[in-house]
Amino acid sequence: MIMEKIPPLFDFDTMPEPETFSNGLTGQDIISVSQFNLEKLRYIFERAREMRELVERRGSADLLKGKIEAALFYEPSTRTSASFIAAMERLGGSVIPITQGVQFSSVSKGETLADTIRTLEQYADVIVLRHPKIGAAQVAADYADVPVINAGDGAGEHPTQALLDLFTIREELGHVDGLRVAMVGDLRYGRTVHSLTRLLRHFDISLRFVSPEILRLPLTVMNEVIDAKIDVRETHDVADVIENVDVLYVTRVQKERFTDLAQYEEVKNQYEITPELMARAKKKMVVMHPLPRVGEIHYSVDDDPRAAYFRQVRNGMYIRMALLAAVLGKA
Ligand code: ASP
């Protein structure tokens, strides 16, 4: 009997290559904002605008159908974890969430980060990691073959937050060059401040840092700003800057980073943005906050059209959709 040749289900030799492009991000880990030059920023922002249009018109797509993200959060998170899930699902992918439930995973049995990462990459195409230690995302990336995205490493960096912050500034004010940006609050431990400051070095801007003495910007970051020849000043008082800023970037004092809680108590309520303060600010400016807020912005500021923090939250989803698509090689 002559056997009929059964065609293979998939012919890997003739299958077209998945759609890839030269954005320099495909297959890459996202650990620090220092990986982003102007070209990459422009690329991600253009894609984020397309993602916004996609969500507004159709809600979702299947660009990442069949792709799986492992979301591993060793620290609390609302926006970052939810938006990484929403981003993946709106693009047709799915998520293994080891987020608020990390205490129910083998991490609580003493498993090392390296082993957890090497396990998750057996299932997932990309790993999103938040961890309390500076440098943890890099360690994970060293172990993983799939891309690792840093969703906050202790008081180190929070690159995806900085991308969405910069995107928000650009969308709200139409440009970045020429702006005066003030960062207020915990500049020492605030990782979003570190990442955003580093990204802003690509632009012709001036920076004002407003903090209590013990929460000043770390010297390493300050030196990078000085090396970039950016006009920079520090003060303890928001009143010194409020009249002349285009962006007021307010942050929470990072209680979880203090070893001495008495010190936290001393500085925790130092700043509050109120309608009275806003009355002295420019007509065209924005107030931003990475959130959560714990008293730094009075609720009555929320109705002010310059309060951009919830629009900022939404932008986070578009930026993470763009980033996931780029890292996973889908235009
Ligand atoms: N959500 C931001 C972060 O994870 C800001 C904060 O927690 O204060 O860094």
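Numbers for residues simply follow the sequence, beginning at 1. As the structure lists them, so they are numbered: ligands from 1, and atoms in each ligand from 1. All of these numbers come straight from a predicted model, not from anything done at the bench.
When each of V232, V221, I230 is tested with T197 by the rule side-chain contact (heavy atoms from CB on, under 4.5 Å), just one qualifies, namely V221.
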Verdict with reasoning, S211 to R188, per side-chain hydrogen bond (donor to acceptor under 3.5 Å, both in side chains): CA-CA 9 Å; S211 73; R188 178 178 180 184; over 6 Å; no

What do the steps show when you test D186 against Y271 for side-chain contact (heavy atoms from CB on, under 4.5 Å), and what is the final call? CA-CA 10 Å; D186 187 347; Y271 304 110; over 6 Å; no

Chi angles and distances behind the salt bridge (charged side-chain N to carboxylate O under 4.0 Å, His left out) call for R118, E121: CA-CA 5 Å; R118 282 188 291 198; E121 73 168 341; over 6 Å; no

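Every heavy atom of G190 sits 4.0 Å or more from the atoms of ligand 1. Residue R130 places a heavy atom less than 4.0 Å from ligand 1.
Proximity of Q254 to ligand 1, defined as any heavy-atom pair under 4.0 Å, is confined to the side chain (atoms from C-beta onward). When non-hydrogen atoms are compared, ligand 1 lies under 4.0 Å from neither the backbone nor the side chain of T251. Contacts of Q161 with ligand 1, taken as heavy-atom pairs under 4.0 Å, are absent altogether.
Taking the six-membered ring where tryptophan is involved, the planes of Y264 and F258 are perpendicular, since the angle between them exceeds 60° and thus also 30°.
Looking at atom 9 (O) of ligand 1, its nearest protein heavy atom turns out to be R191 NE, 2.8 Å. Nearest to atom 2 (C) of ligand 1 among the protein's heavy atoms is L291 O, 3.6 Å. Scanning the protein heavy atoms around atom 6 (C) of ligand 1, the nearest turns out to be R252 NH2, 3.3 Å.
Hydrophobic clustering places V250 together with Y309 (ILVMFWY residues linked when any side-chain heavy atoms are closer than 4.5 Å, directly or through intermediates).
Among the atoms of E256, none of the N or O lies under 3.5 angstrom from an N or O of ligand 1. The N/O atoms of T192, backbone and side chain alike, include none that comes under 3.5 Å of an N/O atom in ligand 1.
Note that CG of D125 is 6.5 Å distant from CE of M88, once rounded to the nearest 0.5 Å.
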